[in-house]
There are 2 protein chains.
Amino acid sequence: MDPGPKIAQVAALVGDPARANMLSALMDGRTLTATELAYVAGVAPQTASGHLAKLGDAGLLALEKQGRRRYFRLASPLVARMLEGLMVVAQEGPARQRNLWRGGETLRHARTCYDHMAGRIAVAIADRMVQQSFVLLDEDGGQLTDAGRSFFDELGVDLRLASKRRVFCRPCLDWSERRPHLAGAVGAAILHHALEHDWVEHVRDSRALVVTPVGVRELATTFGIEGTPPKDGREEQVPSPSRGRVSDRIRFSQWGAHRQ
Amino acid sequence: MDPGPKIAQVAALVGDPARANMLSALMDGRTLTATELAYVAGVAPQTASGHLAKLGDAGLLALEKQGRRRYFRLASPLVARMLEGLMVVAQEGPARQRNLWRGGETLRHARTCYDHMAGRIAVAIADRMVQQSFVLLDEDGGQLTDAGRSFFDELGVDLRLASKRRVFCRPCLDWSERRPHLAGAVGAAILHHALEHDWVEHVRDSRALVVTPVGVRELATTFGIEGTPPKDGREEQVPSPSRGRVSDRIRFSQWGAHRQ
DNA sequence: CAAACACTTCGGCCAAGACGGTAGTGGTTC
DNA sequence: GAACCACTACCGTCTTGGCCGAAGTGTTTG
């Protein structure tokens, strides 16, 4: 009757590292097979099967059978939104290891976040748009100005997705940069445009995006963003046996500070 | 290095029913003592103490010592946002037991959601505002129109919280009604105004709000909302032996009188 | 048909952690 | 001072649930 128990059920589901890894991997909107998910989770296929069944039963994942394989994806944008929320808090968390994040330099630079762009580039774009008064952003919402609408029109970005009286811009707190980037229909349109015009490309088996030479030029001329691609171009996909038991004991003294 | 493990840590924390109940209880922005939280969680104080330490270490709760008691509250609005996300998905979940929710008729009708109103009334207000073109809402954002700004000015609702160029309206999916209500600065201003003018009152020890006769009249004239208060006016606070065990021993007379 | 493949079910092992009893610490009241 | 209260630390018990090996189902390939 209280919502408590219900949110506990969902949270407990996400609370297992293996399942959390699976969900993270699906955060970019792709659909992956059970075997692929077993790999990213770092568990045996039969273990993954159990996890996926639970996630499916709980309504977090949608399933599509195709021949002898089963494709999974997040059941809805609401699930992605929930995971975003968790990421933000998880990153916020105790100051202990905020930027311990060495690996994944490519990810930090540019990646997809469900249906829009995230990372340094995305934050830079958002900053620029705000600075030019093309969008208004705060922690509670976003809004495209008339100037912004013209800007996108000239650029050829397709905003038809949103009807004329619709609001369709929202901020999404970037978990690596800790600043907002553009999400919602506007964010999705930007990503779509960027992929369409070869500004960025998907990295295989990853949420990461690489900025192409064309992209570097366009970002500079269009948004005034200095292209500073990650130094390490290769950036191996760590096979990640991960699943390191969460044993690291956290010790904390001043966690009272109200960090708004 | 992947965010997976980190979100798993946070989610696992929320994934325990006792802790989830504590967090739920704090969702209205109040600050509660360890003993009160032990009660809502349905566990012994020493167990609660452990849970609270974990939540604090993880940065989900903020602590304020006062004499011999310790007051806890959510560490930031981001935590509330995360819990909102979980609630939405938890409610969405498997269709099997969607509206099994009999108890809590009062809660369904009107309640607080961190810093704004939720429930049937809040959804009705949001609907009305949209219908009158005072706000624009979709799943990704909200926006106050000029007409809406005038409306609130006339009504005497204080929107100063938000600077003039700021966006400050956002939708929040109501987990009982499954439709959006107003959150963000606008939502907070409405709740503040409603409490200030005795349209609604807090129910002791609960997130529930009761609409006063004044409120019924004002909601009708101002928003055109037919007051349909929950049939069962008394609606006992179920003492909820809930999570069994201890509970019965602890009897509370009147904690929580903390009337924000 | 047999073999390879994708995936699921079953069963037993094992560790994490939730629980409250007991025993403390520090703050408040009389 | 003593009594009392809110809260915390430690400890042993016990349940939950993640894990993989082995075996089974259904699908595609040769």
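Worth saying up front: this structure is predicted, and the values here are computed from it rather than measured. Letters A, B, ... mirror the listed sequences (proteins, then strands); counts begin at 1. Below, each value reflects all heavy atoms present in this structure, side chains not excepted, and no hydrogens, waters or symmetry copies.
- For the pair B:Gln46 CD and C:dC19 P, the interatomic distance rounds to 11 Å; values are reported in whole Å.
- Residues A:Glu84 and A:Cys113 share a closest heavy-atom pair of OE2-SG, 4.0 Å.
- A:Val200 pairs with exactly one of A:Ile121, A:Leu209, A:Thr112 by the side chain to side chain contact (heavy atoms under 4.5 Å, CB included) rule, that one being A:Leu209.
- Contact annotation: side chain of A:Thr47 to base of D:dG18, donor-acceptor pair absent below 3.5 Å.
- Residue B:His51 places no side-chain N or O under 4.0 Å from the OP1 or OP2 atom of C:dG17.
- Taking atom CG of residue B:Leu63 and atom P of nucleotide D:dA6, one finds them 17 Å apart after rounding to whole Å.
- The interatomic distance linking B:Met22 (CE) with C:dA18 (P) rounds to 11 Å, in whole Å.
- Summary of the strand contacts: A:Ala12 and A:Gly67 both lie near DNA chain D, and taking for each the nucleotide with the nearest heavy atom, the more 5' one is attributed to A:Ala12.
- Here A:Asp174 pairs with A:Arg111 in a salt bridge; the nearest charged N to carboxylate O distance falls below 4.0 Å.
- When each of B:His181, B:His192, B:His193 is tested with B:His116 by the rule ring-ring contact (aromatic ring centres under 6.0 Å, His included), just one qualifies, namely B:His181.
- With B:Phe72 as the fixed residue, the side chain to side chain contact (heavy atoms under 4.5 Å, CB included) test singles out one of B:Leu55, B:Leu23, B:Leu63, B:Leu32: B:Leu63.
- If you measure from atom CZ of B:Arg68 to atom P of D:dT8, you get 14 Å, rounded to the nearest angstrom.
- When the P atom of D:dA9 is taken as reference, atom NZ of B:Lys54 falls 13 Å away, rounded to whole Å.
- Between the P atom of D:dT28 and the CD atom of A:Gln66 lies a distance of 10 Å, rounded to the nearest Å.
- For the pair B:Phe72 CZ and D:dA6 P, the computed distance is 14 Å after rounding to whole Å.
- Closest to the B:Arg70 side chain, of the nucleotides D:dC20, D:dG18, D:dT8, is D:dT8.
- Separating the CD atom of B:Glu64 from the P atom of C:dG27 is a distance of 17 Å, rounded to the nearest angstrom.
- For A:Ala18, taking side-chain heavy atoms from C-beta onward, the closest of the listed nucleotides D:dG18, D:dC19, C:dA18 is D:dC19.
- For A:Ser49, the side-chain atoms get nearest to C:dT8 when compared with the rest of D:dA6, C:dT8, D:dC20.
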